[in-house]
Trainee: 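Once you've had a glance at the structure underneath, I'll fire off some questions.
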Amino acid sequence: MKIFKKLLLCIFVISHFSHAQELKITAQKEVVTNNNKVHTYIGNVQITHSENEQPQITSNSVSMANGKTVMEGNVKMTFEHATAVTNKVVYVQTKSGFVAKMDKVIVTYH
């Protein structure tokens, strides 16, 4: 399973992230704290990014079914300018990139 998780991480990692490109995050509710650096998104959260913006992702477990990748337990998605932490994420590839779906996520911008 460790080899599978490392292989999956290699698929999602890209070493460069363009400063001009941004993540698109939608949710039912957003709470901003810590001088606008920490955002908590709650309810039907979706993080959309292009193939060029793929984060490094770590989690306790990974499974794949029906074209979706499910990561659970201490999920951490590290982008160039932000880190997103959640308990469970469902990743889906779309025509324009990827969509990460979850119930709640805490995003810290750096």
Side-chain angles (χ1 to χ4, degrees):
M1 185 57 121
K2 286 185 178 184
I3 293 172
F4 176 73
K5 285 174 34 175
K6 287 181 181 180
L7 177 62
L8 186 62
L9 286 176
C10 289
I11 293 170
F12 285 106
V13 173
I14 288 187
S15 61
H16 297 288
F17 179 80
S18 172
H19 294 282
Q21 298 172 331
E22 295 183 24
L23 302 176
K24 179 181 175 188
I25 303 175
T26 60
Q28 293 173 337
K29 180 179 179 182
E30 176 184 15
V31 178
V32 180
T33 58
N34 198 16
N35 293 327
N36 207 31
K37 289 189 177 196
V38 178
H39 296 233
T40 302
Y41 298 92
I42 303 166
N44 194 28
V45 181
Q46 294 190 10
I47 299 177
T48 306
H49 61 85
S50 72
E51 290 185 31
N52 296 331
E53 299 174 293
Q54 295 175 357
Q56 178 178 355
I57 303 172
T58 59
S59 67
N60 292 344
S61 68
V62 178
S63 61
M64 300 177 97
N66 301 321
K68 299 177 184 179
T69 303
V70 179
M71 295 168 238
E72 295 185 86
N74 299 314
V75 181
K76 183 176 179 181
M77 298 179 287
T78 305
F79 294 88
E80 175 85 16
H81 300 288
T83 300
V85 178
T86 188
N87 191 43
K88 179 181 178 182
V89 62
V90 177
Y91 235 86
V92 181
Q93 186 169 10
T94 66
K95 291 180 183 178
S96 59
F98 294 91
V99 177
K101 300 177 182 183
M102 61 217 79
D103 293 325
K104 177 181 177 182
V105 67
I106 298 172
V107 178
T108 303
Y109 293 92
H110 34 83

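Residue indices begin at 1 and follow the sequence shown.
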Trainee: Hey, what do you get for CD (Glu80) to CD (Gln56), rounding to the nearest 0.5 Å?
Mentor: 12.0 Å
Trainee: How far does NE2 of His49 sit from OG1 of Thr94, to the nearest 0.5 angstrom?
Mentor: 9.0 Å
Trainee: CD of Gln93 to NZ of Lys95: how many Å apart, nearest 0.5 Å?
Mentor: 12.0 Å
Trainee: Is there a side-chain contact between Lys88 and Asp103 in this structure, where contact means two heavy atoms from C-beta onward sitting under 4.5 Å apart?
Mentor: no
Trainee: For a quick test of reading the model, state the closest non-hydrogen atom pair linking Ser50 to Phe98 and the distance between them.
Mentor: O-CD1, 4.4 Å
Trainee: Compare all side-chain heavy atoms of Met77 with those of Met102 and state whether any distance is below 4.5 angstrom.
Mentor: yes
Trainee: What are the two closest heavy atoms between Ile47 and Ala84, and how far apart are they?
Mentor: CD1-CB, 4.2 Å
Trainee: Atom CD of Gln46 and atom OG1 of Thr48: how far apart are they, to the nearest 0.5 Å?
Mentor: 6.0 Å
Trainee: Do Tyr91 and Ile25 belong to the same hydrophobic cluster, where Ile, Leu, Val, Met, Phe, Trp and Tyr are linked whenever their side-chain heavy atoms lie under 4.5 Å apart, directly or via other members?
Mentor: yes
Trainee: For residues Val105 and Val31: do they belong to one hydrophobic cluster (side chain heavy atoms under 4.5 Å, members Ile, Leu, Val, Met, Phe, Trp, Tyr)?
Mentor: no
Trainee: Go through the steps for Val38 and Ile106 under the test side chain to side chain contact (heavy atoms under 4.5 Å, CB included), then give the verdict.
Mentor: CA-CA 7 Å; Val38 178; Ile106 298 172; 3.7 Å; yes
Trainee: Quick check: closest heavy atoms across Val62 and Met71, and the distance to 0.1 Å?
Mentor: CG2-CG, 4.0 Å
Trainee: Kindly say whether Lys104 contributes a backbone atom to a donor-acceptor pair with the side chain of Thr86 at under 3.5 angstrom?
Mentor: yes
Trainee: Consider only side-chain heavy atoms of I, L, V, M, F, W and Y, link residues closer than 4.5 Å, and tell whether Val85 and Leu23 are in one cluster.
Mentor: no
